[in-house]
J.: 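Next up is a structure, given as structure tokens.
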Amino acid sequence: MYYLRFYLFFCSAPCVYLLKEGNGEQEPCFFLKGLQPSLYVELSHKGFHRDVVTTVELGSDTPADVRALLVYRWPRDVYVDPYQVASLSHQRGWQMLFNTAIDLEKPAHRTSEFSTYVYPSHVGPTPEPLKVTIPIHGRYHKPSFDGKTFTPVHIELPELLLWTKKCTPFQRLEPHTVLDAPCTASNTSICSWVKIQHPNKNSVPMSLHLPVGDGSTVRLICTGTLVVTLICCVVLCHSMLKHPLR
Amino acid sequence: LRLLSALTEKRVLFPVSFVVRLALVVYGDYQDRNMVVKYTDIDYHVFTDAARFITEGQSPYNRSTYRYTPLLAWLLTPNIYLTVVFGKLLFIVCDVLSGLLIYKLLCLRGVGCQTARYVSSLWLLNPLPMGVSSRGNAESILSALVLGTLLCMEGKRLTWAAALYGLSVHMKIYPVTYALPIALSLRSSHTETNGTTQSWTWRTPVAFVGSFLNSKLILFASVAGGVFFTLTALFYYMYGWVFLHETYFYHLTRRDIRHNFSPYFYMLYLTADSRWSQALGLAAFLPQLILLLVSSWTFHPDLAFTCFLHTAVFVSFNKVCTSQYFMWYLSLLPLVIPHLTLSVKQGLGLLLLWFAGQAVWLAPAYFLEFECYNTFFLIWLAGLFFLVINSFILVQLIAHYRSRKSLERQKAE
């Protein structure tokens, strides 16, 4: 298993949440000391079919109306099956929105990157961490001609976006930024979300390796295939002509 | 042996085989709900999603990877209106119907009714077709149509045979290869003059072509062609070009570079983007074509055997081969078995060899897909090995096949 842990630290000054009930006026969103959301991402399984497990801990003081959005930017080397996700989302407690149609069969060099927006159903104020498991599948790649038997695939960490009714409009939220994104997976309206900045800018993305065909053996493969199929064809023809219907 | 005899009683065999398949459907539903590994095949979900699009007034081709005739999605609309297992029930009924058609066909071909029941039980009590139908694959519809065509041809009911044939070609493209042996078996037989065997005058090719122009063949071609083109025109009108592409052209030009049983898989993967791709595709097609022509010519009087050989050759030498394709010729194998002079031991040996060939392929394929080892070269070797095994088995079947007359003569002696 391959995993990375990242901790997000919020500074005490401008922040996302308005945890104490305000007087209804535009109070700055103070982040209470002690609230330290954390984001862990790990890859499980081996082979072409993997699970990307994202665990988000927002802390016990999370207000009830906080909503989270995880934005994944996937490379073209992998794909997420929308039909598989649709059948799983009821059991797994999250909804996913794709930014483009997915071709399930094309090889990697014939497709492009895509993004998915994952909306967990319940965010706060449970003490349990939020866990999102996304099944991904590797695509076939162009054969390699330089002797390499595997091709590396790098997957970026997801972005964590948060939204709460009590903290709109957002003011003085540096270093966090405000982004517009669909409010829910049904994509009927756009909301302003706060993107939680990673303090650690040198974070290493996840990577896996997928096997690729060996292009340098193409002459051997073609010759071998055509010779064997030709021999089998000749043998079968000979047999058919030698043993006619009787 | 007494149990086997009791089980293959006509009144028992068909109900038992249906009940067992029904039990598998029920179990499949339980497994889908309660376990991580699902029983139902992914194709069944594709069919159901396409049927759902139809109930919403849309095209079934909105469902990605739906590459079948719209007729199938239309047939499965009760999946949405009634129960999601309707399709599976339809498939197991067609499966048992295939068994019944095998039985009737064997009786009509002169095999004794007792033997016919034993041989039909090879299909009806066989776990492979049971599993395939109860998992939601639609292969049993096509096997029922092909067996129905052969039964009607054997019973000389040409119009029905032609209608069923046209329908089967509409549903899946591969039965189109049967057109040649059917045409050869329906043409007028010409007598040779003065006992000369080889007289290559200019009259011979003309007479050959002329023998195809008889009323039976023209009737068959018109009815089959009429059914096929009517359905094609109807669905083209409803769904447009995407119907033609997904149902037919995709399968004709299909080059799946992902690993499969085909001996050509690795060659096509490595050359997918090279300038040799087209030429190699054509080279891969030639053995298939040659074998189809030779088998049609040598065995066309026995249509069932020719169709079996056709399908086995087509599947084994195809550019893409998945385990679903095996059902296409396995449904015709019971028709061939009573005519084989192989011993039970030899037959079982060939069967084990066939399974061994698949196992040898499945092992490196598993390690590639689920353990991330680079086993492409091993998969290539296993694919060629499987082709060699299939060819060996077919050679044995051809060498040990006797027509009904020959078997009766042997018995008399």
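Reckoned from all heavy atoms, side chains included, excluding hydrogens, waters and symmetry mates. Each chain gets a letter, A, B and so on, in the order its sequence line appears, and its residues count up from 1.
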J.: Taking side chain as everything from C-beta outward and backbone as N, CA, C, O, which of these in B/Tyr264 sits under 4.5 Å from a heavy atom of chain A? Side chain, backbone, both or neither.
T.: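 Both backbone and side chain of B/Tyr264 come within 4.5 Å of chain A.
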J.: Among side-chain atoms of A/Asp77 and A/His141, is any donor-acceptor pair under 3.5 angstrom?
T.: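 A/His141 and A/Asp77 do have a side-chain donor-acceptor pair below 3.5 Å.
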J.: For chain A, which of B/Ile290, B/Ile398, B/Asp302 has the most heavy-atom pairs under 4.5 Å?
T.: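 Top option by heavy-atom pairs under 4.5 Å: B/Ile398.
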J.: Can you tell me which portion of B/Phe265 sits under 4.5 Å from chain A's heavy atoms? Options are side chain, backbone, both or neither.
T.: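 Looking at B/Phe265, just its side chain touches chain A.
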J.: Does the A/Ser121 side chain pair with the main chain of A/Gly93, one donor and one acceptor, at a distance under 3.5 Å?
T.: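 Judged by distance alone, yes, a pair lies under 3.5 Å.
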J.: Select, from B/Val46, B/Leu384, B/Leu309, B/Val313, the one with the greatest count of heavy-atom pairs under 4.5 Å involving chain A.
T.: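 Option with the greatest count: B/Leu384.
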J.: Find the one option among A/Gln84, A/Lys242, A/His109 whose heavy-atom pairs under 4.5 Å with chain B are most numerous.
T.: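 Of A/Gln84, A/Lys242, A/His109, A/His109 has the most heavy-atom pairs under 4.5 Å with chain B.
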J.: Do you know which of A/Val218, A/Thr225, A/Asp103 has the most heavy-atom pairs under 4.5 Å to chain B?
T.: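 Top option by heavy-atom pairs under 4.5 Å: A/Thr225.
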J.: Sort out for me which of A/Thr217, A/Val228, A/Ile102, A/Leu208 touches chain B most, counting heavy-atom pairs under 4.5 Å.
T.: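 The answer is A/Val228.
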J.: Pick one of side chain, backbone, both or neither for B/His45, based on which atoms fall under 4.5 Å of a heavy atom in chain A.
T.: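 The answer is neither part of B/His45.
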J.: Would you indicate whether B/Tyr373, at its atom OH, is surrounded by more than 12 heavy atoms from other residues, nucleotides or ligands within a distance under 6.0 Å?
T.: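 Open: at most 12 neighbouring heavy atoms sit under 6.0 Å from OH of B/Tyr373.
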J.: Can you tell me how far apart OG1 (A/Thr116) and CH2 (A/Trp74) are? Round to the nearest 0.5 Å.
T.: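 Separation between the atoms: 5.5 Å.
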J.: Using a cut-off of under 4.5 Å on heavy-atom pairs, state which of A/Asp214, A/Leu210, A/Leu220 scores highest against chain B.
T.: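 With the most close heavy-atom pairs to chain B, the winner is A/Asp214.
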J.: Please answer whether the main-chain N or O of A/Gly213 pairs with a side-chain N or O of B/Tyr269 as donor and acceptor at a distance below 3.5 Å.
T.: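 Yes.
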J.: Can A/Glu156 and A/Arg73 be counted as an ion pair, charged N to O under 4.0 angstrom?
T.: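 No.
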J.: Examine whether an atom of B/Phe392 lies under 4.5 Å from a heavy atom of chain A, and if so say whether it belongs to the side chain, the backbone or both; otherwise answer neither.
T.: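 Contact with chain A is absent: no heavy atom of B/Phe392 under 4.5 Å.
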J.: So how far is it from B/Thr271 OG1 to B/Trp276 CH2, rounded to the nearest 0.5 Å?
T.: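 Here the rounded value is 11.0 Å.
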J.: Among residues at least two apart in sequence or on other chains, which ones pass side-chain contact (heavy atoms from CB on, under 4.5 Å) with A/Pro211?
T.: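 For A/Pro211 the side-chain contact (heavy atoms from CB on, under 4.5 Å) partners, ignoring immediate neighbours, are A/Phe48, A/Phe150, B/Leu368, B/Cys372, B/Asn374, B/Phe376.
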J.: When only pairs under 4.5 Å are counted, which of A/Leu230, A/Leu104, A/Val212, A/Leu241 shares the most heavy-atom pairs with chain B?
T.: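 Between A/Leu230, A/Leu104, A/Val212, A/Leu241, the count favours A/Val212.
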J.: Assess the side chains of A/Asp51 and A/Thr133: does a donor N or O sit below 3.5 Å from an acceptor N or O?
T.: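 Not at all, the side chains of A/Asp51 and A/Thr133 share no donor-acceptor pair under 3.5 Å.
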J.: Considering only heavy atoms, which portion of B/Asp49 lies under 4.5 Å from any heavy atom of chain A: side chain, backbone, both, or neither?
T.: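 B/Asp49 touches chain A through side-chain heavy atoms alone.
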J.: With rounding to the nearest 0.5 Å, note down the distance linking CD1 in B/Ile42 to CZ in B/Arg135.
T.: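 Spacing of CD1 (B/Ile42) from CZ (B/Arg135) equals 10.0 Å.
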J.: Answer with side chain, backbone, both or neither: which region of A/Arg219 has an atom nearer than 4.5 Å to a non-hydrogen atom of chain B?
T.: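 Nothing of A/Arg219, per the 4.5 Å heavy-atom cut-off to chain B.
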J.: Would you mind checking which part of A/Arg139 comes under 4.5 Å of any heavy atom in chain B, side chain (CB onward), backbone (N, CA, C, O), both or neither?
T.: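 When you check distances to chain B, no heavy atom of A/Arg139 falls under 4.5 Å.
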J.: So what's closer than 4.5 Å to chain A heavy atoms on B/Thr65: side chain, backbone, both or neither?
T.: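 Side chain only.
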J.: Highest number of heavy-atom pairs under 4.5 Å with chain A: which of B/Phe299, B/Tyr266, B/Trp380, B/Phe370?
T.: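 It is B/Trp380.
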